Amino acid sequence: MTLRVMVIGGYGNFGSIVCRHLVVMPGVSLVVSGRDPHKLLRKVDELKAQSGTACESWCGDAMGTAFKTALSAMGIQLVIHTGGPFQGQSYAVAQGCIDAGVNYCDLSDCRTFVTSIGALDAQAKRAGVAILSGCSSVPTLSAAIIDEHRYRFNRIDSIEHGISSSAKMPGLSTVEGVLAYAGKPIKQLKNGQVHEVLGWQDLTLRKLQQLGTRVLANVDVPDMDIFAHRYGAQTLSFKAGSGLKLSGVANYLLAQALRVGLVRDHAPWAARLHRWGQRFERFGDGKSAMYIDVQGIDVDAKPLSMTVQLTAINDKGPEIPSCAAVALAAKIVQGYLPEPGARACVGEITVDEYMAAINDPANLHLSVHFSDEQS
């Protein structure tokens with residue numbers, strides 16, 4: 001049976017990657033969606049030229065009343081929502097999918113958006129559909145990596161992880177999203193107590209394999225809530241940064257300006273930083289990485305540490321957040337039926353399934369190391 005998949009925001013940065021994978025996936029019939037008819041037509045033509053496979057399109061507002069009707073009329077079975085920023089966005093798209101009886105996932109990494117999706121749980125269960133939020137690097141992949149090695153730990157005490165992207169700029173909506181909490185309090189955990197830090201503050205230098213030293217700062221992600229319950233960790237933190245140290249400093253200064261009131265709205269500055277970042281892309285090395293440090297006690301009651309790094313070269317980093325949804329679609333094509341309900345997208349996809357969806361071993365490498373001594 002062919003799976004009819006609609007990708008909302010299919011001509012955007014991450015949506016384009018999702019569509020490029022899905023248009024050639026056996027058993028998938030792709031529908032590209034967006035509100036700009038010209039961009040939509042160009043994307044459909046581009047996909048056909050690249051793959052030799054034709055796909056359909058739907059031009060409209062996925063948050064509007066016509067969305068539910070379009071899903072039913074086109075026989076859509078899975079919606080992949082890539083249309084960020086998700087900060088402050090309503091659940092109108094997910095609600096439309098519930099009303100139409102269609103499974104849904106999104107690429108949100110917004111903590112509030114992902115962790116509050118459970119408000120739709122009862123409706124989703126009644127409709128018999130899965131509403132999966134956070135189908136991205138965090139929390140889907142970060143949880144999958146920890147889940148794969150969870151059996152080694154009798155107890156997990158701390159999880160400190162983060163992402164250092166390449167210098168290549170993502171779409172403007174992504175930049176707006178990650179700067180939405182610049183200078184604002186972020187709740188983390190430290191020794192079992194709620195610990196507040198400020199977004200894009202506390203600049204830290206971290207040495208990463210193949211990447212050298214990168215500048216990282218506090219970023220808010222759904223993992224801070226999900227991992228406390230899923231793994232019982234008492235210390236949780238997350239940091240992120242760009243491949244250019246200058247970018248990290250710029251984000252830090254914007255956060256400071258927002259915190260003291262010199263700047264009141266981050267959106268215009270997000271657009272400026274996006275433009276400036278594009279000018280400096282050529283100075284980057286094309287490398288990005290996700291790292292995860294886990295510390296705890298093993299099954300023999302001895303200290304155990306795990307260090308994980310997923311490295312991407314040649315500006316392939318954006319494949320990582322994009323391909324959780326690709327992996328989910330591939331799994332559904334093969335017969336997987338996600339349980340009805342609305343929840344964060346954790347435990348749905350294994351690391352092997354995730355890496356198979358990206359299918360680029362030449363440019364992505366996952367390393368996992370264990371130590372019986374806590375650092």
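All values derive from a computational prediction rather than experimental measurement. Quick note: residue numbers are just sequence positions, from 1.
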Any side-chain heavy atom of [X] sitting closer than 4.5 Å to one from [Y]?
X: T53; Y: K48; result: no
X: V7; Y: V32; result: no
X: R214; Y: L205; result: no
X: P338; Y: E348; result: yes
X: M6; Y: W58; result: yes

Distance from [X] atom [atom1] to [Y] atom [atom2], nearest 0.5 Å?
X: Q295; Y: S305; atom1: CD; atom2: OG; result: 4.0 Å
X: T307; Y: D293; atom1: OG1; atom2: CG; result: 4.5 Å
X: F14; Y: T82; atom1: CZ; atom2: OG1; result: 9.0 Å
X: I297; Y: R152; atom1: CD1; atom2: CZ; result: 15.5 Å
X: L208; Y: T213; atom1: CG; atom2: OG1; result: 8.0 Å
X: I146; Y: I159; atom1: CD1; atom2: CD1; result: 4.0 Å

Exercise: identify the closest heavy-atom pair between [X] and [Y]:
X: G183; Y: L198; value: O-CD2, 3.7 Å
X: M290; Y: S137; value: CE-O, 3.4 Å
X: I358; Y: I320; value: CD1-CA, 4.1 Å
X: T115; Y: P222; value: CG2-O, 4.1 Å
X: M224; Y: D220; value: CG-OD1, 4.5 Å
X: S136; Y: S108; value: CB-O, 4.4 Å

When you compare the side chains of [X] and [Y], does any donor N or O come within less than 3.5 Å of an acceptor on the partner?
X: K43; Y: S16; result: yes
X: Y291; Y: Q209; result: no
X: H365; Y: Q210; result: no
X: D147; Y: Y231; result: yes

Discussion item. Determine whether the aromatic ring centres of residues F227 and H161 are separated by less than 6.0 angstrom.
Written reply: yes

Keeping the roles fixed (side chain from [X], backbone from [Y]), state whether a donor-acceptor pair exists under 3.5 Å.
X: D121; Y: A342; result: yes
X: E196; Y: V194; result: no
X: R111; Y: K187; result: yes
X: T140; Y: G134; result: yes
X: Q87; Y: T112; result: no
X: Y91; Y: F113; result: yes
X: Q201; Y: V197; result: no
X: D298; Y: K302; result: yes
X: R20; Y: V23; result: no
X: S237; Y: T235; result: no

Practice prompt. Report the hydrophobic cluster partners of Y151, with the cluster defined as I, L, V, M, F, W, Y residues connected by side-chain heavy atoms closer than 4.5 angstrom, directly or transitively.
Written response: none

Worksheet item: So, D223 and R230, do they make that salt bridge, N to O below 4.0 Å?
Response: no

Item to complete: Considering only NZ, NE, NH1 and NH2 on the basic side and carboxylate oxygens on the acidic side, decide whether E160 and R206 come within less than 4.0 Å.
Response: no

Item to complete: Taking atom CD of E339 as the centre, report whether more than 12 heavy atoms of other residues, nucleotides or ligands fall under 6.0 Å from it.
Response: no

Worksheet item: How about K184: does its NZ atom have over 12 heavy atoms from other parts shown lying under 6.0 Å from it?
Response: no

Item to complete: For the pair F238 and S142, evaluate side-chain contact (heavy atoms from CB on, under 4.5 Å) and give the outcome as yes or no after the intermediate values.
Response: CA-CA 11 Å; F238 187 91; S142 52; over 6 Å; no

Practice prompt. Please lay out, stage by stage, how V5 and I80 fare under the test side-chain contact (heavy atoms from CB on, under 4.5 Å).
Written response: CA-CA 7 Å; V5 182; I80 300 174; 3.8 Å; yes

Answer yes if [X] and [Y] sit in the same cluster of Ile, Leu, Val, Met, Phe, Trp and Tyr residues linked by side chain heavy atoms under 4.5 Å apart, and no otherwise.
X: V93; Y: V102; answer: yes
X: Y354; Y: I313; answer: no
X: L203; Y: L211; answer: no
X: I17; Y: V44; answer: no
X: L310; Y: V351; answer: yes

Discussion item. Using the rule side-chain hydrogen bond (donor to acceptor under 3.5 Å, both in side chains), only one of D315, T311, N314 pairs with N363; which is it?
Written reply: N314

Worksheet item: Which pairs count as side-chain hydrogen bond (donor to acceptor under 3.5 Å, both in side chains) when at least one residue sits in residues 30-40, sequence neighbours excluded?
Response: none

Worksheet item: Given the rule in the side-chain hydrogen bond (donor to acceptor under 3.5 Å, both in side chains) test, do Y104 and D106 qualify, once you have shown the distances and angles that lead to the verdict?
Response: CA-CA 7 Å; Y104 158 102; D106 62 56; 2.6 Å; yes

Worksheet item: Could you go step by step and tell me if V308 and S367 meet the side-chain contact (heavy atoms from CB on, under 4.5 Å) rule?
Response: CA-CA 6 Å; V308 179; S367 65; over 6 Å; no

Worksheet entry | Step-by-step side-chain contact (heavy atoms from CB on, under 4.5 Å) determination, N191 to Q234 | CA-CA 5 Å; N191 299 322; Q234 298 295 295; 5.8 Å; no

